[in-house]
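Report on the following structure.
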Amino acid sequence: MALRAAVGKGGDRLGAGDGAVVECFAEAVEGGGLVNWVEVTEIGRNLVLTLAALFGAYTAYRGVRSWRDEKNWMRNTELAESLLILLYERNDAVQHIRYHPVLYTLAKKDDFDEPIKGEQKQEYFGVRKYYSDRIDRLENVKSRMYPLEIRASVQWGRDCLKSLETLRCLEGQLLSEIDNFLESKQPNADGPDSHKNRDIHPDTLSTIQSHPLRDAFRDSYHESLKLIEEELRSILKRYTK
């Protein structure tokens with residue numbers, strides 16, 4: 001009421017319009033309508049909760065994205081590392097096949113577990129087993145590597161690791177020449193110590209046996225292998241930055 005009286009005295013010197021505004025101001029202040037601290041507090045609390053919810057959502061989004069990026073990084077690096085390891089195993093298996101078969105043992109029994117008569121037949125079956133064991137090792141590596149090649153084509157595109165096709169062709173050539181070599185060594189049925197006596201083509205020997213100086217097969221194989229290795233190392237570098 002005191003505020004209204006004071007306003008009333010001042011209102012005598014104001015116009016009718018201004019007096020109405022001041023009158024409303026006085027009523028608002030006396031009625032508590034100008035500053036309602038309960039409402040202000042409630043609005044502030046709601047605002048804080050809203051901001052907290054937004055911040056929590058943003059933090060969750062960043063967390064999910066970071067987790068997804070980490071999984072993507074692990075998936076690509078693990079795949080590249082596994083392919084590199086198997087690539088080196090594959091190279092070792094091929095080089096092992098191409099060692100000169102001087103460490104073979106004479107076979108005493110054939111594929112049907114029957115005794116083998118004649119030293120030349122024993123030598124033939126011994127050499128054949130020598131190659132068979134080493135070829136099995138290569139095939140084992142290839143069978144473990146193939147599913148990873150499929151994954152790589154899905155994750156990195158069909159154009160990745162194109163040089164693997166060259167490796168397959170060279171390995172196919174190697175196995176084919178080994179078959180030719182073994183066929184030339186296969187004894188005839190005429191006698192226990194007779195051979196077919198087929199001449200072995202120089203290309204066959206240069207393919208199936210390594211040479212310390214000039215080795216065209218080894219150079220071609222290593223060139224293709226190096227291209228694959230560089231591509232996998234590039235992928236590792238990309239995802240480990």
Side-chain angles (χ1 to χ4, degrees), residues 66-105 126-183 200-241:
S66 177
W67 173 82
R68 184 185 60 189
D69 292 343
E70 182 179 357
K71 292 290 289 184
N72 185 54
W73 168 81
M74 290 179 60
R75 184 168 59 250
N76 285 287
T77 53
E78 288 176 357
L79 178 57
E81 289 172 351
S82 298
L83 282 169
L84 267 176
I85 292 171
L86 289 174
L87 186 68
Y88 297 144
E89 288 187 26
R90 190 168 184 160
N91 177 57
D92 289 343
V94 168
Q95 302 314 315
H96 200 203
I97 290 174
R98 300 186 69 239
Y99 290 154
H100 196 281
V102 294
L103 301 178
Y104 71 91
T105 57
V127 172
R128 194 180 74 169
K129 186 176 188 309
Y130 175 92
Y131 278 117
S132 176
D133 290 344
R134 282 152 179 76
I135 291 172
D136 286 346
R137 177 185 172 189
L138 173 61
E139 294 300 329
N140 177 267
V141 176
K142 289 167 63 177
S143 66
R144 288 186 289 133
M145 193 170 180
Y146 184 70
L148 300 184
E149 295 174 31
I150 299 299
R151 279 183 54 192
S153 67
V154 173
Q155 291 180 209
W156 305 328
R158 293 182 177 273
D159 293 335
C160 73
L161 307 179
K162 277 188 172 182
S163 296
L164 271 173
E165 191 61 37
T166 305
L167 286 191
R168 295 190 192 97
C169 291
L170 290 170
E171 291 161 358
Q173 177 188 349
L174 174 61
L175 300 184
S176 177
E177 295 295 0
I178 289 174
D179 286 340
N180 293 336
F181 173 76
L182 292 175
E183 185 178 355
I200 302 175
H201 197 279
D203 289 344
T204 297
L205 290 178
S206 65
T207 299
I208 69 175
Q209 295 178 6
S210 60
H211 193 280
L213 299 178
R214 300 181 61 184
D215 193 333
F217 181 92
R218 180 189 61 202
D219 293 343
S220 297
Y221 194 88
H222 283 175
E223 181 180 355
S224 299
L225 186 138
K226 185 177 180 180
L227 292 174
I228 301 171
E229 180 184 6
E230 289 176 350
E231 187 173 356
L232 290 173
R233 288 184 179 277
S234 175
I235 292 172
L236 276 174
K237 186 177 180 181
R238 183 195 318 160
Y239 286 102
T240 54
K241 285 184 177 180

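This one's a predicted model, so the numbers in the text were calculated from it and none came from an experiment.
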(Q) Quick test of your reading of the model: are E149 and R90 salt-bridged, counting only N-O distances below 4.0 Å? (A) yes
(Q) With side chain to side chain contact (heavy atoms under 4.5 Å, CB included) as the criterion, how do I97 and I208 come out once you've worked through the C-alpha distance, each side chain's angles and the decisive distance to 0.1 Å? (A) CA-CA 7 Å; I97 290 174; I208 69 175; over 6 Å; no
Q) Thinking salt bridges, do R144 and E89 make one under a 4.0 Å N-O criterion? A) yes
Q.
Could you measure the distance from the CD1 atom of I178 to the CD1 atom of I135? Nearest 0.5 Å is fine.
A. 4.0 Å
Q. Can you name the side-chain hydrogen bond (donor to acceptor under 3.5 Å, both in side chains) partners of H211, sequence neighbours left out?
A. none
Q: Kindly give the heavy-atom pair with the smallest separation between L87 and E229, and that separation in Å.
A: CD2-N, 4.0 Å
Q: Salt-bridge test for D219 and R214: reply yes if a basic N is under 4.0 Å from a carboxylate O, no otherwise.
A: no
Q) What orientation do F217 and Y221 show, parallel under 30°, tilted 30 to 60°, or perpendicular over 60°? A) parallel
(Q) Could you measure the distance from the CD atom of Q209 to the OH atom of Y99? Nearest 0.5 Å is fine. (A) 13.5 Å
Q) Within 45° of the ring axis of Y130 and under 6.0 Å from its six-membered ring centre, is that where the NZ or CZ of R134 lies? A) yes
Q) Is there side-chain contact between L161 and L232, with heavy atoms separated by less than 4.5 Å? A) yes
(Q) To the nearest 0.5 Å, what is the distance between CG on L138 and CG on D92? (A) 11.0 Å
Q. Hey, what do you get for CG (L164) to CD (E231), rounding to the nearest 0.5 Å?
A. 8.5 Å
Q. Are any non-hydrogen side-chain atoms of D215 and R98 less than 4.5 angstrom apart?
A. yes
Q) Atom CG in L167, atom CD1 in I228: separation rounded to 0.5 Å? A) 4.0 Å
Q | Heavy-atom donor-acceptor pair, S82 side chain to L79 backbone, under 3.5 Å | A | no
Q: Would you name the heavy atoms of C160 and A152 that are closest together and state the gap between them?
A: SG-O, 3.6 Å
(Q) What I want to find out is whether E139 reaches K142 closely enough, with some N-O distance under 4.0 Å, to be called a salt bridge. (A) yes
Q: Look only at the side chain of R218 and the backbone of S210, and say whether a donor-acceptor pair between them is shorter than 3.5 Å.
A: no
Q: State whether the side chain of S220 and the backbone N or O of A216 hold a donor-acceptor pair below 3.5 Å, judged by distance alone.
A: yes
Q) E165 and R168: salt bridge (charged side-chain N to carboxylate O under 4.0 Å, His left out), yes or no, with the steps? A) CA-CA 5 Å; E165 191 61 37; R168 295 190 192 97; 3.0 Å; yes
Q. When you look at OH of Y146, are more than 12 heavy atoms from neighbouring residues, nucleotides or ligands closer to it than 6.0 Å?
A. no
(Q) Using every non-hydrogen atom in the two residues, find where Q155 and N76 come nearest and quote the distance to one decimal. (A) NE2-OD1, 3.2 Å
Q.
Within the structure provided, determine whether T166 and L227 are in side-chain contact (heavy-atom separation under 4.5 Å).
A. no
Q. What is the distance from atom CG of L182 to atom OH of Y131, rounded to the nearest 0.5 Å?
A. 7.0 Å
Q) Would D133 and R137 pass as an ion pair if we require N to O under 4.0 Å? A) no
Q | Residue among L175, N180, L174 satisfying side chain to side chain contact (heavy atoms under 4.5 Å, CB included) with E177 | A | N180
Q.
Using every non-hydrogen atom in the two residues, find where L225 and N91 come nearest and quote the distance to one decimal.
A. CD1-CB, 3.4 Å
**Q.** Heavy-atom pair of closest approach, residues S224 and S163
**A.** O-CB, 3.7 Å
Q: For the pair E230 and R233, find out whether any cationic side-chain nitrogen is under 4.0 Å from an anionic carboxylate oxygen.
A: no
